[in-house]
Visitor: 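Below: one structure in C-alpha cells.
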2 protein chains.
Amino acid sequence: MLDLAILGLLEERGDLHGYEIRKQLREGLGLLANVSFGSLYPALARLEAAGAVEATEALEPVEPPAAPVPPTGSLSGEWAVLRSRRRATRRGRGRRSRKVYRITDRGRSLFADLLTGQGAADDPRSFGLRLAFARHLPAPARLALLERRRLQLTERLAEVRTAGGQDALDVYARAVVDHMADALQHDIGWLDRLIETERSAATPGAALAPGATAAVGGGAR
Amino acid sequence: MLDLAILGLLEERGDLHGYEIRKQLREGLGLLANVSFGSLYPALARLEAAGAVEATEALEPVEPPAAPVPPTGSLSGEWAVLRSRRRATRRGRGRRSRKVYRITDRGRSLFADLLTGQGAADDPRSFGLRLAFARHLPAPARLALLERRRLQLTERLAEVRTAGGQDALDVYARAVVDHMADALQHDIGWLDRLIETERSAATPGAALAPGATAAVGGGAR
DNA sequence: ATGGAGTATATCGATCCGATATAGCGGCGC
DNA sequence: GCGCCGCTATATCGGATCGATATACTCCAT
C-alpha cells in the first residue's frame with residue numbers, strides 16, 4: 001500500500017536510502033503526504049525480506065578508496081562525490097550507517113502486480129498512486145484501472161445519495177453529505193475525461209500515432 | 001477519532017448497542033463508511049473505561065417484566081416493543097447478550113472537547129464529522145472550525161502546486177497532481193460559501209433572526 | 001568550542017481495518 | 001419437521017500506519 005510507492009520510486013529514480021525516499025514522497029508527488037518513518041522503515045524491511053529490494057550498507061570505512069560499495073558503479077551520482085570529498089576534509093569514520101536500496105527483478109515483478117492490483121482496490125490514495133505510475137502499465141490495463149475506479153465511485157455516489165435522501169439530517173449534516181456527493185460527481189467527470197483521452201489514443205484507425213496522449217491533464221486549475 | 005462519532009450518535013439518537021452504532025454510521029451518515037467492529041468495540045471499551053458511556057447488559061432474563069433496563073424510561077422506542085413482542089411469541093431465554101450504551105455527562109463534556117478539537121485537527125474525515133455535528137457547537141466555534149479547515153486546505157493547495165511545478169512529471173502523474181489541486185480548490189470554494197452563510201447568519205443587525213441558516217447546503221444538487 | 005539545524009535510522013504505543021470465530025434466531029424450501 | 005441460509009450481535013487477531021521519541025553524526029554560525 002506504500003510498498004507500491006517505494007518500488008515505483010526506486011524504479012523511476014534509481015538508488016535512494018530511507019530518508020530520501022521519505023523526502024521524495026512528501027515533496028515530489030503531493031499524493032501521499034505523511035509517510036512517517038514509523039511506516040517507512042518497516043515497509044523497507046518487509047520488502048527486503050521479500051527479496052523485492054536489496055540494501056547495500058553504504059558506510060564507507062576509514063580506508064580511503066577500497067570500494068565496499070561494490071557492485072553497479074555510478075549509482076549515487078554527484079551526491080556521493082560531495083559525500084566522500086567531505087569525508088576527506090574532515091576526519092575519517094565515514095558518516096552514518098545509511099542503507100541504500102535498489103529494486104530487484106523480483107521487486108519489479110511485484111511492482112507490476114501491485115500496479116494492476118485486482119486484489120483489493122478501493123481507497124483513493126492507492127488509486128492515485130497507481131494512476132501516477134500508469135506509464136508502466138500496458139494500455140488496456142490502464143483503461144481497466146480507470147474504469148474500475150469509475151465504477152467504485154459510482155457505487156459510492158449511490159450510497160451517499162441514499163444516505164442524503166433521508167430528511168432526518170440537520171443543515172450541517174446535510175451540507176456535508178451534499179458536498180460529498182458533489183465531490184464524487186466531480187471526480188467521476190474527471191475520470192470520464194481521462195477515459196475518453198485514453199480511448200481516443202487507442203483508436204483502431206490511428207494505430208501507430210505516438211504523442212497522442214499529450215492532452216491528458218485533467219480539469220485542473 | 002471515531003469516539004467523536006460514537007458520542008455524537010449516542011447524543012443525538014439516544015440508546016444504541018454496538019451493532020446498531022455501526023449500522024447507523026455506515027448508512028446514516030455517508031461520511032465514515034467502514035467503521036469495522038475491529039475498531040468499534042475497542043473504542044466502546046475505551047469510552048466505557050473513561051466513564052464517557054455507561055453500558056447496561058440488556059439480556060432480558062426469563063421473567064417477563066421486572067425491568068433490568070431501569071433508568072431513563074422511553075429511550076428504545078418502538079424498536080424495543082417489537083423486540084419484546086417477539087420474545088413473547090417465541091420461547092424465553094431472551095436473545096443474545098447485547099450491551100446498550102448510554103452517554104454520560106462526562107461523555108457529553110468529552111464530546112464538546114472533541115468537537116472543537118484544537119488539539120490535532122487535519123484529516124478530512126475528522127473535519128466532516130465535526131461539521132456534521134456542528135449544531136452542538138456555539139456559533140463562534142463553528143466559524144472557527146470552518147476557517148481553520150480553510151487555512152489547512154489553502155496550505156495543502158500551495159504544497160500540491162509546488163509539487164506540480166516541477167516538470168519532471170509524466171502525463172499521468174501530472175493528471176493526478178492537477179486533479180488534486182482542482183479538488184482542493186473546489187473544497188475551498190465550498191468552505192467559502194459555508195463561511196459566508198455562517199457570517200451572514202450572525203450579522204449584528206439581525207441578532208434574533210432564526211431560520212436564517214436555511215440555505216447552507218453547499219453546491220450539491 | 002558550543003550549540004542548533006539538518007541528515008539518518010530505528011523503535012514504541014495507539015489506532016484502525018479486514019478477516020475470522022462464535023452464537024442466537026427467523027424464515028425458506030422441500 | 002428439519003436443515004440450511006442469512007441476519008443480528010459481540011469479540012478477538014494480525015497487519016498497516018501514524019505520531020512521537022531516541023540516538024547519533026555532521027555542518028555551520030556564533
Visitor: Taking only residues two or more places apart in sequence, or in another chain, which ones meet Arg106(B) in a salt bridge (charged side-chain N to carboxylate O under 4.0 Å, His left out)?
Guide: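 Arg106(B): no salt bridge (charged side-chain N to carboxylate O under 4.0 Å, His left out) contacts found.
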Visitor: Show the atom names and distances, to 0.1 Å, of all donor-acceptor pairs under 3.5 Å that link a side chain in residues 21-32 of chain B to residues at least two apart or in another chain.
Guide:
from: Gln24(B); atom 1: OE1; to: Arg13(B); atom 2: NE; distance (Å): 2.9
from: Gln24(B); atom 1: OE1; to: Arg13(B); atom 2: NH2; distance (Å): 3.4
from: Gln24(B); atom 1: NE2; to: Glu20(B); atom 2: OE1; distance (Å): 3.2
from: Arg26(B); atom 1: NH1; to: Asn34(B); atom 2: O; distance (Å): 2.7

Visitor: Could you tell me how far apart Lys99(A) (NZ) and dT7(C) (C1') are, to the nearest whole angstrom?
Guide: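 Spelled out: NZ on Lys99(A) to C1' on dT7(C) is 17 Å.
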Visitor: Only counting residues at least two apart or in another chain, list the ones meeting ring pair (Phe, Tyr, Trp, His ring centres under 6.0 Å) with Phe111(B).
Guide: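 In terms of ring pair (Phe, Tyr, Trp, His ring centres under 6.0 Å), with neighbours along the sequence ignored, Phe111(B) is linked to Phe133(B), His136(B).
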Visitor: Quickly work out the Ile21(B) CD1 to dT10(D) C1' distance and round it to whole Å.
Guide: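 So the CD1-C1' distance, Ile21(B) to dT10(D), works out to 12 Å.
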Visitor: Can you pull every protein N or O that's under 3.5 Å from an N or O on nucleotides 12-17 of chain D?
Guide:
from: dT17(D); atom 1: OP2; to: Arg46(A); atom 2: NH2; distance (Å): 3.3

Visitor: Can you measure Leu25(A) atom CG to dC18(D) atom C1' for me and round it to whole angstrom units?
Guide: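 To the nearest whole Å, that distance equals 15 Å.
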Visitor: Is any side-chain N or O of Lys23(A) closer than 4.0 Å to OP1 or OP2 of dG6(C)?
Guide: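 Answer is no, no contact under 4.0 Å.
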Visitor: Nearest to the side chain of Asn34(B), which nucleotide is it out of dA11(D), dC17(C), dT8(D)?
Guide: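 When the side chain of Asn34(B) is considered, dC17(C) is the closest of dA11(D), dC17(C), dT8(D).
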Visitor: Hey, what's the ring geometry for Trp190(B) with Phe127(B), parallel, tilted or perpendicular (30° and 60° as the breaks)?
Guide: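 Trp190(B) and Phe127(B): perpendicular rings.
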Visitor: dC18(D) P sits how many Å from Leu40(A) CG, rounded?
Guide: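 Atom CG in Leu40(A) sits about 10 Å away from atom P in dC18(D).
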Visitor: From OH of Tyr19(B) over to P of dG24(C), roughly how many Å is that when rounded to an integer?
Guide: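 After rounding, the reported distance stands at 17 Å.
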Visitor: Could you tell me how far apart Leu44(A) (CG) and dT11(C) (P) are, to the nearest whole angstrom?
Guide: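 Interatomic distance, CG of Leu44(A) to P of dT11(C): 12 Å.
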Visitor: Rounded to the Å, how far apart are Glu48(B) CD and dT10(D) P?
Guide: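 It works out to 12 Å between those atoms.
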Visitor: Output all residues satisfying salt bridge (charged side-chain N to carboxylate O under 4.0 Å, His left out) with Glu54(A), sequence neighbours left out; order by chain, then residue number.
Guide: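 Residues passing salt bridge (charged side-chain N to carboxylate O under 4.0 Å, His left out) with Glu54(A): none at all.
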Visitor: Show me the pairs that pass salt bridge (charged side-chain N to carboxylate O under 4.0 Å, His left out) and involve residues 40-51 of chain A, at least two apart or across chains.
Guide: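 Qualifying pairs, neighbours excluded: Asp3(A)-Arg46(A).
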